[in-house]
Amino acid sequence: MASRFWTQGDSDTEEEGGDYENEDENGGVAGESVAAAAGSRYLQGNASDSDDSDAQKRVVRSAKDKRFEEMSATVEQMKNAMKINDWVSLQESFDKMNKQLEKVMRVTESDKVPALYIKALVMLEDFLSQALSNKDAKKKMSSSNARALNSMKQKLKKNNKQYEDLIIKYRENPESEDDGDEDEDLEEDEDSDSEFLEDPSKIVAGSESEEENEEVDGDHSVDEQGDDWQKKMSKKDKLMEREFKKDPSEITWDTVNKKLKEIVASRGRKGTGRVELVEQLTFLTRVAKTPAQKLEILFSVVSAQFDINPSLTGHMPINVWMKCVKNMLIILDILNQYPNIIVDDTVEPEENETQKGMDYKGTIRVWGNLVAFLERMDVEFFKSLQCIDPHTRDYVERLRDEPMFLVLAQNVQDYLEKTENMKAAAKVALKRVELIYYKPQEVYDAMRKLAEQTEEINGGETEGEVSKVMDEGRGPPAFVVTPELVPRKPTFPSSSRVLMDDLVSLIYQHGDERTKARAMLCDIYHHALMDEFSTARDLLLMSHLQDNIQIMDVSTQILFNRAMAQLGLCAFRNGLITEGHNCLSELYSAGRVRELLAQGVSHSRYYEKTPEQERLERRRQMPYHMHINLELLEAVHLTCAMLLEVPNMAANTLDAKHRVISKTFRKLLEVSERQTLTGPPENVRDHVMAATRALSQGDFLKAFDVIRSLQVWKLLKNQECVFEMLKAKIKAEALRTYLFTYASSYTSLSLDQLSKMFDLSESQTHSIVSKMMITEELHASWDQPTSCIVFHEVEQKRLHALAFQLTDKLSILAESNERAIEARMGGGLDGLPLRRRDGPDYAAAVTTGAAGRWQDNITFSQARQGTTTTGRSGYVSGARPSTPGGYSRERSSQKTQFFSHHSTIRNRIWDNVRLKVVVLGLAGFGTEEFFTESTLEMLRISSALLSDPLLLPLSVPSEEHATKIAGSLEVARTSDAVEPPVPEGPWSKAAFDAPAASVDEPQEPEVPRECGLSHDPLVSKPPDVASLSPHSINPPAPNATFSAHPRPSPLTAPPPLPISPAISSVYFLLQAMQKEAKELSIQGLSITNHDHPSPATEPAGVLQLESFSFSPPINSADNLQNFVPISTDHTNNLEHSTHDFLAHSNCYYNHNPEASSCYDHHQQQQQQRWRRSENHDEEQERLMAQERRVRRLISNRESARRSRLRRRKQLEELQAQVLCLLADNHQLTDALNRVLESNYQLLQENAHLKHEASSFRIIIADLIALAAEDFPADDDRSGQS
Amino acid sequence: MANYDLTPKTAPNLDRHLVFPLLEFLQERQLYPEEELLKAKIELLNKTNMVDYAMDIHKSLYHTDDVPQEMVERRTEVVARLKALEEAAAPLVSFLQNSNAAQDLRPEKQYNLQMLNDRYQIGPEQIEALYQYAKFQFECGNYSGAADYLYQYRALCTNSERSLSALWGKLAAEILMQNWEVALEELNRLKETIDSKSFTSPLNQVQSRIWLMHWSLFIFFNHDNGRTQIIDLFNQDKYLNAIQTNAPHLLRYLATAFIVNKRRRPQFKDFIKVIQQEQYSYKDPITEFLACVYINYDFDGAQKKMKECEEVIVNDPFLGKLVEEGNYTTVPFRDEFLENARLFIFETYCRIHQRIDIGILAEKLNLNYEEAERWIVNLIRTSKLDAKIDTSSGTVIMEPNFPNMYEQLIDHTKALSGRTYKLVSQVLEHAQAQSAR
């Protein structure tokens, strides 16, 4: 507004500048108004420069007159326009005046229209009527002018209606009213100053650059009149001063007050020397009549002093700053002396408040804000430190002023606490904290000493003091003498911690959020500085500052970064490497440490900063003495990273990407490794990289030396301790790295050797290695008597790694399947995640046989083999008679549970899966192929589940497979199911008790019985199996069906395998047998086979055939052997590993096809032998046996070859299946993707349509509303209805 | 041995009356000079109403029959106040003692108040008086009376703050009467109140939790099932946080409970982390023992600590409870602790060894050779340990127990089948539902 006014005023003055002084007696007034306008312009500029509080203050002083001045200026313009009969400009002026009127009314808060305005109205009316009456002149007018006249006529008519009364009144007695009004207005102005608080913001809105332009524009015009005015003004001043000097006794409160107003009003005006202003005001302080007045003047002095430096980037001149401090101290003196004076910036004090003398007992309110002043002082101090070159003496000199500020702050805080303004006190306390928090105890002590010294030695010699003396010497003695009540010397507690604690606790109690957060950060910083890591960390964690620091202001964020950096350093000093690294890694992750800590500007290559950003950034830089040494920080960070990363890299050499602790470090390492030539280390990075190279080879001495040679460590307080810590850490990490790297080359390492190698004590070494063992980083264990580390070779083979990868992928696939289904069925799987969590139960149930527990697997697989030995259980039990029945029952119950779970076959595919898993689990046990196989199976199945139609084609092959398996399982069961008599029957007790030999006899009849049940044509049926067995309740029924349908289709099959306890007992026996067999070699087994030839040739053959074609063991053996040949054929070492794993898992060579078939035959032969032993002569037997043996050998080989061929074929088939399934799966996923995509498109379209529909609905609603408006009656009716 | 005594730390968190048992214990153990303890007792009693007791102690302390004047004055004052309170509370007390009348009380509070007011002219003043009376009774040492009155007061009280206070009083009274079962109930009730969201300020809540934990020590170390419950209570996040912020010395009791209790192993690992984290703020032999075994793997250190632990336990008022068996007294807790601690050491030791000399093991376990062998045999027999003893060389040989590749793989995959199964059934159900439609 003002600027517009100015430009206009400008044009006016330029047009008619010459007329001013000659023509009108009011020219001076006009000039003044222009000057005032100029002043207000300055005001704007300054307001945007400085603190709000100052702006408010200045505005308060001048703006109240401003409106009036503006208005009167407008009136002048109107007068001028009248003179030249310029209706166009008159009209403009009139409009403007009306606008100004609004403002004035708002400012004065009165309903009363200012007399000035009325006067103008009357004047205009008269002129208008005159113009209208003069018809000739009207005719002569230009068209535009005439038009303006007409519109003016109407406007005025309309406007004047509002003020009719006033105009009439005015016409009655024009002059008296005018004066009175003006006085009133003036008073009102002052009363309502607080109203102006709103205005500054409006004024501030004008930007600086604009101001400058205007300044240029306005300069010449202002100079003409402004200079004149200024001269008058300064002359007047001197006059006044002289007046004061002459007779000090005549000076009254009023004169001082008036003078003060005058000076304050001139403040900020063009041409007013800022320094002069301050001097004038200081002079006034001496002549002030009452303490309150003195206080008031002092406040203006201080704020005027703040004005001396106009620019935002520069700082306040140091001597001014000092004077400012002095003034502040005097203010405090007064305040302390007269506790009834209250400083407040919320309520505007009454005009004559300060008139009340020092005897006045009631409260006197003075406008002012101590905290704002103090904060401004702090800002200026900070800025000056930012600007001064830190390497000069000036900087040090400047730093010496710090105690002065601290004293001031302390006093202000004391005062505020006394007046119980705790919030403000907390703010001041924060300022103090911010000056102290970064000082280590030594620096703090130095400051304390300095503070004590300067006060003693320099006493009155400081600049401020000098100037003050001079001032006082020049001027008359002050009316109001203020004794120095407030201590001028700082009192610091001996420990900075104590001071911090005091201040911080005050802040925590009373501060607002930001103050508290900042204080907390300072506190953390200081604790970290004092090496109290745990306290600092706890503070940080409890305050939850990390969580919400993002939303805080930039300077607090910088403070947070600083605190984190310091915390990291502290952790490092305390030997907490991981913590230190965690604190620092974030700072270094983006490579902008400087920026983050506000210790310099980093220039990015890709991103240009605007000048504004740069300026902002420069403004938040930390002064040099507060810097955290970046080199030290980097050294600490990299050292921490090295200590963590080197062993980590050594541990995970295979998959480098596996787990990266410090990306920054890795990157640096890569860079340094890429160098062709590595020279001697120069900077921190080079040093750490050199140390890393040494450390990764286990050369701890070199690593330590390189790190130690860094110069920055000198900055550490307790360098030696840190070195010691560092050495210990490096040793430990070297040891770990060494073990990781070279463990595979040793089978054992002695503790002694190790500890010597790394210069560690044995107990340390022991502790480190033990920790590695416990965390399973190192697969080794101690051999205590020899104090050696024995390494276990459990390294992962490539196949294992691949298998793990596959399982990972599988789980991803399963997840994506779930997601796909969820997407399709719309969250129909709510229960699934839950299920998944308690899945183990379920899964355990599904895979009890294959996967659930180790023991189960063993028994299961043994059972498969064991079924061939049905007849021989007596022998076995004889060998190991201690079969705990309870044990087997337990197992069996588990199994029955498992299978009953499947009793309802809902999904044939799932049965396939299950069976497959079970069978594969059994068969492939101990072979690596099993896993790839089974997982492939899983893969296929899971892909099969993607959609319904796919299930069929997929399930077909596996169905066949499963049919076979199921059949085999059933048969196995049939032959197993008859087993119960073995442990439980009446005779079995005898079998358990009797020695092996004697058991042979009674057992024989049992065997045929079992065979009979399983359709063995050779033997007769048993009398009653069920009656023999106490467990027969469940087995018999299914038995019967199975014996009737030896190969039922799994589709119609009843629950496969409700296994009777007998099975498990057989398992157990077999287990025992195998244990026995462990002692013998396979060789031995086959030898016994040859040594004890079975007498019966033919039945044996039959049995054998039968078992091949029919009985499960062979089938299972098939499965068993499915995969083994691959291992034997293709990779020798695979077999080796198989061997290893077999050994580990208590499984035997039986899996070896040759061996197992031999074993089978051996068992069968034994059966035969027992069967025939009674009836045949031994001699004959031996002969025949020889013959038979030869035959069997041949047939064995043949059958082995056959089975091998078959297996290979089967495998090929399966592989082909897998391939085509994979392809199918791929296609399906594609299809699914496509569907999803189109679905998405549809959804989008739908949304779009919905949107349109809703917009249409709105339109319709509008239309209806319109219609309703048109026909309100309708609306009513509808409302009623 | 006074340096491990926690009484100075626990006492500020206890009620005056609850400190007495601790002081008694200390007196028994003679950790501090008797005089100091007696003085402390008088100090304690000064603010309570047990003036007679204070007088007795004064007499025995100074070996005189003279009693300071202020004690005598206090006595008369107490008696007078007792009378006044008794009168004030008389109507309600008599009502409550009248069993016929008391039957009219119903579960609804409002009804009761109304009824009392209507029929017996018992208003809020009398109810308030009952509280005061109960408090006074408590101060006098009449805990059972106080407990009864407080119980009834709680049934009638409408002021939640007062009710909470009454709850604390009731708990203290029950503890002092050693009614552990009832005390446990009260404790749980109090815990619910404290944990309820309506609690005033977080700071207050933390303080209350700390008090609760301190008070609960009496119960947990005397109640049969206390050792499990102490873990359940202390190891809750909220309570653990409270311990970590303001009462780290309570870690001793939690640590002990963890060592003694075998059933809470899953939480044990996390607790070790807490111990590691809090090492700077609190340590005593018991936590150091755990640190030795589980953080530093320093078994010699652990053994030393174990010896120190023994002393700590014996001298701790809560842990070192004496039980008389026949002619000699034992500290059952100590034996249990040592046995378990030994097991802890051995377990960890075995995990990282494949062959251990029994002699050295015996040394580490503070046992002789024979005992050690028997102990190990027992462990093997109860299948706590997968090992064998080789007598010829006098060593224990561990059976290596590595996670099998296949086992791992199966572990990885077995959840998959379940999930897939679920998936299929979902698909099928969906399909059926659609076809049905």
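Chain letters run A, B, ... following the sequence lines, proteins first and then strands; every chain starts at 1. Just so it is clear, the values below take in all heavy atoms, side chains as well, and ignore hydrogens, waters and symmetry mates.
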Visitor: Under 4.5 Å, counting heavy-atom pairs only, tell me which of A:P785, A:S811, A:S770, A:C788 racks up the most with chain B.
Guide: A:P785

Visitor: Given heavy-atom pairs under 4.5 angstrom as the criterion, report whether the side chain, backbone, both or neither of B:Y294 touches chain A.
Guide: neither

Visitor: Looking at every non-hydrogen atom in both residues, tell me the closest pair between A:A814 and B:L416 and how far apart they are.
Guide: CB-CD2, 3.6 Å

Visitor: Give the member of A:V790, A:I774, A:V769, A:T535 that has the highest number of heavy-atom pairs under 4.5 Å with chain B.
Guide: A:I774

Visitor: Roughly how far apart are B:R355 CZ and A:D783 CG, rounded to 0.5 Å?
Guide: 4.0 Å

Visitor: Answer with side chain, backbone, both or neither: which region of B:S393 has an atom nearer than 4.5 Å to a non-hydrogen atom of chain A?
Guide: neither

Visitor: Can you confirm whether B:D300 sits close enough to A:S763 that some side-chain heavy atom of one is under 4.5 Å from a side-chain heavy atom of the other?
Guide: no

Visitor: What part of B:Q244 gets closer than 4.5 Å to chain A, counting heavy atoms only: side chain, backbone, both or neither?
Guide: neither

Visitor: Flag the pair A:H766 / B:F299 as yes when at least one side-chain heavy-atom distance between them is below 4.5 Å, and no otherwise.
Guide: yes

Visitor: Take A:I821 and B:H430, measure what side-chain contact (heavy atoms from CB on, under 4.5 Å) needs, and give me the verdict at the end.
Guide: CA-CA 10 Å; A:I821 287 220; B:H430 189 67; over 6 Å; no

Visitor: Ignoring hydrogens and angles, tell me if any N or O in the side chain of A:S767 forms a donor-acceptor pair with the backbone of B:N296 under 3.5 Å.
Guide: yes

Visitor: Do B:Q426 and A:E818 come close enough that some side-chain heavy atom pair is under 4.5 Å?
Guide: no

Visitor: Side-chain contact test, heavy atoms from C-beta onward, threshold under 4.5 Å: evaluate it for B:R419 versus A:E815 and give yes or no.
Guide: yes

Visitor: Going by heavy atoms in the side chains, are B:I352 and A:S781 under 4.5 Å from each other?
Guide: no

Visitor: Any side-chain heavy atom of B:T420 sitting closer than 4.5 Å to one from A:N817?
Guide: no

Visitor: Answer yes or no: are there more than 12 heavy-atom neighbours, outside A:K771 itself, under 6.0 Å from its atom NZ?
Guide: yes

